[in-house]
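Before any comments, here is the structure.
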2 protein chains.
Amino acid sequence: MSGIERRTGVALWRQIADDIRAAIGNGDHDDGRLPTEAALAARFDVNRHTVRQAIAALAREGVVETVQGRGTAVVPRRRVTYPIGARTRFSAGLGGQVATAVTRLIGSLRETANEELAATLRLSPNAPLLRLETLGEADGVPLSRAVHWFDAERFSGLVEAYGREGSITRALAACGVSDYVRVSTEISAAPATGADREDLALQPGAVVLLTRSVNADPQGRPIQASRSRFAADRVTLSVAPDEPATDLP
Amino acid sequence: MSGIERRTGVALWRQIADDIRAAIGNGDHDDGRLPTEAALAARFDVNRHTVRQAIAALAREGVVETVQGRGTAVVPRRRVTYPIGARTRFSAGLGGQVATAVTRLIGSLRETANEELAATLRLSPNAPLLRLETLGEADGVPLSRAVHWFDAERFSGLVEAYGREGSITRALAACGVSDYVRVSTEISAAPATGADREDLALQPGAVVLLTRSVNADPQGRPIQASRSRFAADRVTLSVAPDEPATDLP
DNA sequence: GTCGGTTGTCTATAATACTAGACAAATAAT
DNA sequence: ATTATTTGTCTAGTATTATAGACAACCGAC
């Protein structure tokens with residue numbers, strides 16, 4: 001029942017590191033300590049050097065800290081819960097959990113709608129779109145990167161407004177959309193890509209949560225299509241039945 | 001921009017295989033063909049043999065099919081969307097997408113509530129619980145495995161009812177709960193464990209979507225806590241704002 | 001049939017990952 | 001101080017992974 005396999009293309013030490021990291025995330029080792037290298041070697045049925053390599057990798061990631069003669073300790077970690085509901089907003093959703101939650105605009109460009117986006121936003125095919133790429137951070141730690149599409153005609157001043165306001169919600173307000181609601185969210189998951197690892201400071205082998213969502217104005221007209229990629233080891237998505245203090249019926 | 005790295009503990013051929021699999025899932029190669037081995041070797045800046053090993057792995061998984069002299073073709077794949085909302089039910093949610101959707105009971109036992117479960121289900125600490133483990137399948141393909149907890153006193157006949165009825169919804173109905181609603185769902189993601197790979201027939205390196213959910217009776221009393229693990233390459237979770245024909249306000 | 005392009009197979013070599021054992025160095029308890 | 005426990009370092013051998021090149025086998029188009 002060691003759970004690790006040979007000849008799979010994934011080095012044993014990495015499988016072991018992933019297993020230990022998952023075990024920590026799963027709430028094992030809540031005593032703050034890892035078993036000894038010898039015990040882990042026996043459990044995984046590998047050489048102690050292989051376990052040492054796994055632990056060294058986790059230490060480089062900052063997941064554990066090891067001291068000669070004493071053992072290996074688990075570094076306490078925090079996980080943020082990101083609520084998804086009718087009133088989903090990045091900064092507000094993390095309020096209370098972190099000191100600072102910000103989204104940074106890391107790029108924007110104009111492009112034409114493909115078939116899917118046009119249908120989602122109820123625009124004509126090849127309609128001009130505004131594409132915004134953002135990075136969501138909490139306390140300086142990157143949590144998500146996202147691509148957002150808007151009708152370029154209706155929201156021509158959006159990028160400038162974002163530059164002034166620093167958030168999509170406020171930028172939309174400056175463009176005359178004082179309120180909007182989340183109408184759909186689709187969630188999947190996949191291994192992190194190279195771009196994910198770079199933008200979100202993830203380790204190889206990390207996992208991202210993928211969401212595709214659509215926001216609409218109070219009249220139900222779609223105004224924003226987004227694809228977000230969350231660092232799965234730092235974020236839990238929470239689907240609430242209804243937000244408190246919502247404006248909606 | 002090849003996206004693959006050396007010395008990460010993941011063999012190059014596996015990184016390439018994962019990258020190609022992700023690209024397919026991302027909608028690239030929708031023409032049904034993969035670039036030639038030589039082109040891929042150039043793109044990833046590796047030897048052709050390394051690319052061949054990656055393609056061979058994907059062929060073993062059934063993701064691609066390769067014919068000498070012709071090239072490598074992408075095997076069309078299906079992805080199921082699993083709706084999450086107030087009225088989340090496994091079989092009904094997949095209706096229309098697949099021919100048959102069933103949950104199988106793969107184990108059940110009695111255990112006592114830990115602190116977290118007791119709080120979730122509003123039971124006293126160490127209250128007796130019924131633990132059911134199920135496997136969700138669509139058209140014979142495993143999609144999810146889940147653990148469910150119920151108040152053992154209130155639902156003493158649940159396991160027998162499940163044996164007769166073949167679904168949790170109907171088993172609950174037989175125990176006097178004719179209706180229930182989803183009150184919370186938390187979603188995260190992680191690499192598949194060995195048990196995941198076994199139960200869900202996943203390849204090493206696969207990813208699972210994790211949900212923790214609570215169902216309550218119409219009076220709002222929690223009756224069921226569940227933890228599900230979905231095969232992320234076969235399932236998309238969809239968060240709908242509200243289900244049609246719901247009983248709730 | 002012939003040809004260009006593609007995948008299949010073989011040999012050989014180098015780099016990386018894993019195992020094995022021994023002993024040093026640090027920690028914590030006695 | 002002594003001791004048991006635990007991590008750190010070193011050497012060496014084996015197995016897996018990656019590279020390199022050459023050529024065969026096969027497909028589709030002409």
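Quick caveat, the model's predicted, so the values are computed rather than measured. Naming convention: chains lettered A, B, ... in sequence-line order (proteins, then strands); numbering from 1 in each chain.
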With distance as the sole criterion, do the side chain of A:R48 and the base of D:dG8 form a donor-acceptor contact below 3.5 Å? yes
Rounded to the Å, how far apart are A:Q15 CD and D:dT16 C1'? 13 Å
For B:V75, does its backbone N or O pair with a side-chain atom of B:E65 as donor and acceptor, under 3.5 Å? no
Along DNA chain C (nearest heavy atom to each residue), the more 5'-positioned of A:G69 and A:T50: A:T50
Measuring to OP1 and OP2 of D:dT16, would you say a side-chain N or O of A:R6 lies under 4.0 angstrom away? no
Measure CG/A:L12 against C1'/D:dA15 and give the value in whole Å, please. 11 Å
Is there a donor-acceptor pair closer than 3.5 Å between any side-chain N or O of B:S91 and the backbone N or O of B:A101? yes
Roughly how many Å is it from CD1 in B:I55 to P in C:dT7, rounded to a whole number? 7 Å
Mind calculating the distance between CD (A:E5) and P (D:dT16) to the nearest angstrom? 15 Å
Can you name the residues that form a side chain to side chain contact (heavy atoms under 4.5 Å, CB included) with B:A11, not counting sequence neighbours? B:W13
Do B:R78 and B:D139 meet the salt-bridge criterion of a basic N to acidic O distance under 4.0 Å? yes
Between A:R70 and A:V10, whichever has its closest DNA chain D nucleotide further toward 5' is A:R70
Between CZ of B:R14 and C1' of C:dA17 the distance, given in whole Å, is 16 Å
Report the distance from atom CG of A:N47 to atom C1' of D:dT14, rounded to the nearest whole Å. 12 Å
Checking contacts here: which listed nucleotide (C:dA20, D:dC26, D:dG28) is nearest the side-chain heavy atoms of B:Q68? D:dC26
Close residues, residues 34-42 of chain A, relative to DNA chain C [heavy-atom separation under 4.0 Å]: none
Is any side-chain N of the basic residue among B:E137 and B:R104 closer than 4.0 Å to the acidic one's carboxylate O? yes
Let me know the distance between CZ of A:R7 and P of C:dA17, rounded to the nearest Å. 17 Å
For the side chain of A:R79 and the backbone of A:A232, is there at least one donor-acceptor N/O pair under 3.5 Å apart? yes
Donor-acceptor pair under 3.5 Å, A:H49 side chain vs D:dG8 base: no
When you check the phosphate oxygens OP1 and OP2 of C:dC10, does a side-chain N or O of B:R52 lie under 4.0 Å from one of them? no
List the steps, then state whether salt bridge (Lys or Arg N to Asp or Glu O under 4.0 Å) holds for B:E116 with B:R212. CA-CA 12 Å; B:E116 183 185 359; B:R212 292 189 180 200; 2.8 Å; yes
Please give, in whole Å, the distance from D:dT19 C1' to B:I16 CD1? 12 Å
